[in-house]
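To keep things clear, I will list the structure first and then write my remarks on it.
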Amino acid sequence: KFNVAPGCTSCVSGDFDDNTVYYIDSHSYCFSGAVTNGCIDDVYSGNYHSESCNTCDVGTWPDGQPEQWTKCQAIHMDADHPIDHDHITCVAHGLTFHPALSLVRDACTCYQPMESDGIIEYEIAINDLPLVTSTQHEMTRNGLSYAGNIQWDLAYNNNDGIDDSLDARDTNIIYLYNSDFADGTLRIKESGTYIIMEDITFNFNPPSEEEMSSDSFSPNSIDVDELYWYPTYQQASHNGDYPGLYQYAGPFTLGFFAGITVETDYVTIDLNGFTLQQDYKFYFQQRF
């Protein structure tokens, strides 16, 4: 059976009794979302969504009323609710839902096998459990509770909740040139000091001069094999450097939304007297 645990503290029966799980609505992974709550009487309205009548344990309530949510990261759903996701719904501001797994322990789905002989209990030694790769500092800052016997991963925790040994800004010095931006966004995933060595102009995957000189050229063409100024199919694949565009699920769903992304702690970017800017054409093409 499935239950929900608001705040990840204890499992309780939800809107669908012992078959209730948490889903998240599409505002977080698509171009869509509810401007107003969809739990309305007019079932023929484009704003109507039956799921909007379900309980939302983590969300946005513009009017302050729990039953009038417009965005929800933890909505009660039937465990058998299908994943209704397609391109048209995604770009046409429709509302869709996916199963949710919280990384900040604000809402958890509970699962228990249905056993004919009753509940099966297991005993597991604390030392056999995996280390928690979060920080006590982050838990406290987000107002989340945690058990006193949790074993924290020391790589993420010290007395301050921060591990200074991960700071490599004094030893890992990287010099950046336009060539480092030739294929797309510079994704910084290692601590260090990144020093700009010349004026940088972002212009990712533009059409060639030959393509632009053609009478039939359109910068917004969707008839070409790959979109101009966007990740290629290879780049946007699940294992690519910029996943998400063609599957509408991933960090680069919107294309090249930034020239540099900082995806780790302890990073210094030194402009060194130079500038970072978008190419004029790219500026018009990338609205995000």
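Note that these values count all heavy atoms, side chains included, but never hydrogens, waters or copies made by symmetry.
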Exercise. Step by step, would you call Ile173 with Tyr175 a side-chain contact (heavy atoms from CB on, under 4.5 Å)?
Worked result: CA-CA 7 Å; Ile173 310 299; Tyr175 299 96; 3.8 Å; yes
Exercise. Does Pro219 reach the side chain of Lys281, with side-chain heavy atoms less than 4.5 Å apart?
Worked result: no
Exercise. Any luck finding a side-chain donor-acceptor pair between Gln73 and Asp106 under 3.5 Å?
Worked result: no
For this session: Could you please spell out the steps behind the side-chain contact (heavy atoms from CB on, under 4.5 Å) verdict for Cys72 and Phe97?
Result: CA-CA 10 Å; Cys72 188; Phe97 303 88; over 6 Å; no
Seminar exercise, completed: Heavy atoms of Met77 and Asn54 approach each other most closely as SD-ND2, 3.4 Å
Problem set entry | Single-linkage hydrophobic cluster Val262~Phe257, side-chain heavy atoms < 4.5 angstrom | yes
Problem set entry | Ile188/Ile269 under side-chain contact (heavy atoms from CB on, under 4.5 Å): CA gap, chis, key distance, verdict | CA-CA 10 Å; Ile188 297 179; Ile269 299 177; 4.2 Å; yes
For this session: Nearest 0.5 Å please: distance from the OG atom of Ser28 over to the NZ atom of Lys71.
Result: 10.0 Å
Problem set entry | Pairwise distance CZ(Phe2) to CG(Asn19) - rounded to 0.5 angstrom | 7.0 Å
Problem set entry | Minimum side-chain heavy-atom gap Leu276-Ile196 below 4.5 Å | yes
For this session: Check Asp18, Val21, Asn3 against Cys110 for a side-chain contact (heavy atoms from CB on, under 4.5 Å) and give me the one that passes.
Result: Asn3
Exercise. Is it true that Phe284 and Tyr280 have ring centroids separated by less than 6.0 Å?
Worked result: yes
Exercise. With a 4.5 Å heavy-atom cut-off, do Phe252 and Thr185 have their side chains touching?
Worked result: yes
For this session: Kindly check if the number of other-residue, nucleotide or ligand heavy atoms within 6.0 Å of CD (Gln112) is above 12?
Result: yes
Problem set entry | Positive for ring-ring contact (aromatic ring centres under 6.0 Å, His included) with Phe282, one of Tyr228, Phe202, Tyr230, Phe204 | Phe204
Exercise. Between Ser237 and Gln234, is there a donor-acceptor pair closer than 3.5 Å when you use the side chain of the first and the backbone of the second?
Worked result: yes
Problem set entry | Atom of Phe181, atom of Leu186 and distance for their closest heavy-atom approach | CE2-CB, 3.5 Å
Exercise. How close do Arg169 and Gly192 get, heavy atom to heavy atom, and via which atoms?
Worked result: CG-O, 3.6 Å
For this session: Hey, could you give me the CG/OH distance between Leu245 and Tyr233, rounded to the nearest 0.5 Å?
Result: 8.0 Å
Problem set entry | Ring centres under 6.0 angstrom apart (Phe256, Tyr242) | yes
Exercise. Regarding Glu263 and Thr261, is there a side-chain donor-to-acceptor distance under 3.5 Å anywhere?
Worked result: yes
For this session: Indicate, with yes or no, if Ile75 and Ile40 share a hydrophobic cluster defined by side-chain heavy-atom contacts under 4.5 Å among Ile, Leu, Val, Met, Phe, Trp and Tyr.
Result: no
Exercise. Which atom pair, heavy atoms only, marks the closest approach of Ser102 to Ala107?
Worked result: CB-O, 3.3 Å
Problem set entry | Side chains of Asp199 and Thr275, donor plus acceptor under 3.5 Å | yes
Problem set entry | Check: Glu198/Asn178 side-chain N/O donor and acceptor closer than 3.5 Å | yes
For this session: Could you walk me through whether Ile260 and Tyr194 pass side-chain contact (heavy atoms from CB on, under 4.5 Å), step by step?
Result: CA-CA 11 Å; Ile260 299 175; Tyr194 294 76; over 6 Å; no
For this session: Considering non-hydrogen atoms only, spot the tightest contact between Ser191 and Ala168 and give its length.
Result: OG-N, 2.8 Å
For this session: Mark yes when over 12 heavy atoms from residues, nucleotides or ligands other than Gln151 sit less than 6.0 Å from its CD; otherwise mark no.
Result: yes
Problem set entry | Non-hydrogen atoms of Trp69 and Asp25 that approach each other most closely | CZ3-OD2, 3.8 Å
Exercise. If Ile, Leu, Val, Met, Phe, Trp and Tyr residues are connected whenever their side-chain heavy atoms lie under 4.5 Å apart, and connections chain through other members, are Tyr22 and Tyr111 in the same group?
Worked result: no
Problem set entry | Backbone of Pro206 reached by a side-chain donor or acceptor of Gln285 within 3.5 Å | no
Exercise. Is there a path from Tyr177 to Ile195 through hydrophobic residues (I, L, V, M, F, W, Y) whose side chains come within less than 4.5 Å of each other?
Worked result: yes
Seminar exercise, completed: OH of Tyr23 to OG1 of Thr96, rounded to nearest 0.5 Å, is 11.0 Å
Exercise. Can you find a pair of side-chain heavy atoms, one from Glu190 and one from Thr264, that are under 4.5 Å apart?
Worked result: no
Exercise. If you count the non-hydrogen atoms of other residues, nucleotides and ligands that lie under 6.0 Å from CG in Asn272, is the total more than 12?
Worked result: yes
Exercise. Between OG1 of Thr109 and NE2 of His76, what distance do you get to the nearest 0.5 Å?
Worked result: 9.0 Å
Problem set entry | Nearest-0.5 Å distance that lies between atom CG in Leu176 and atom CD1 in Ile200 | 7.0 Å
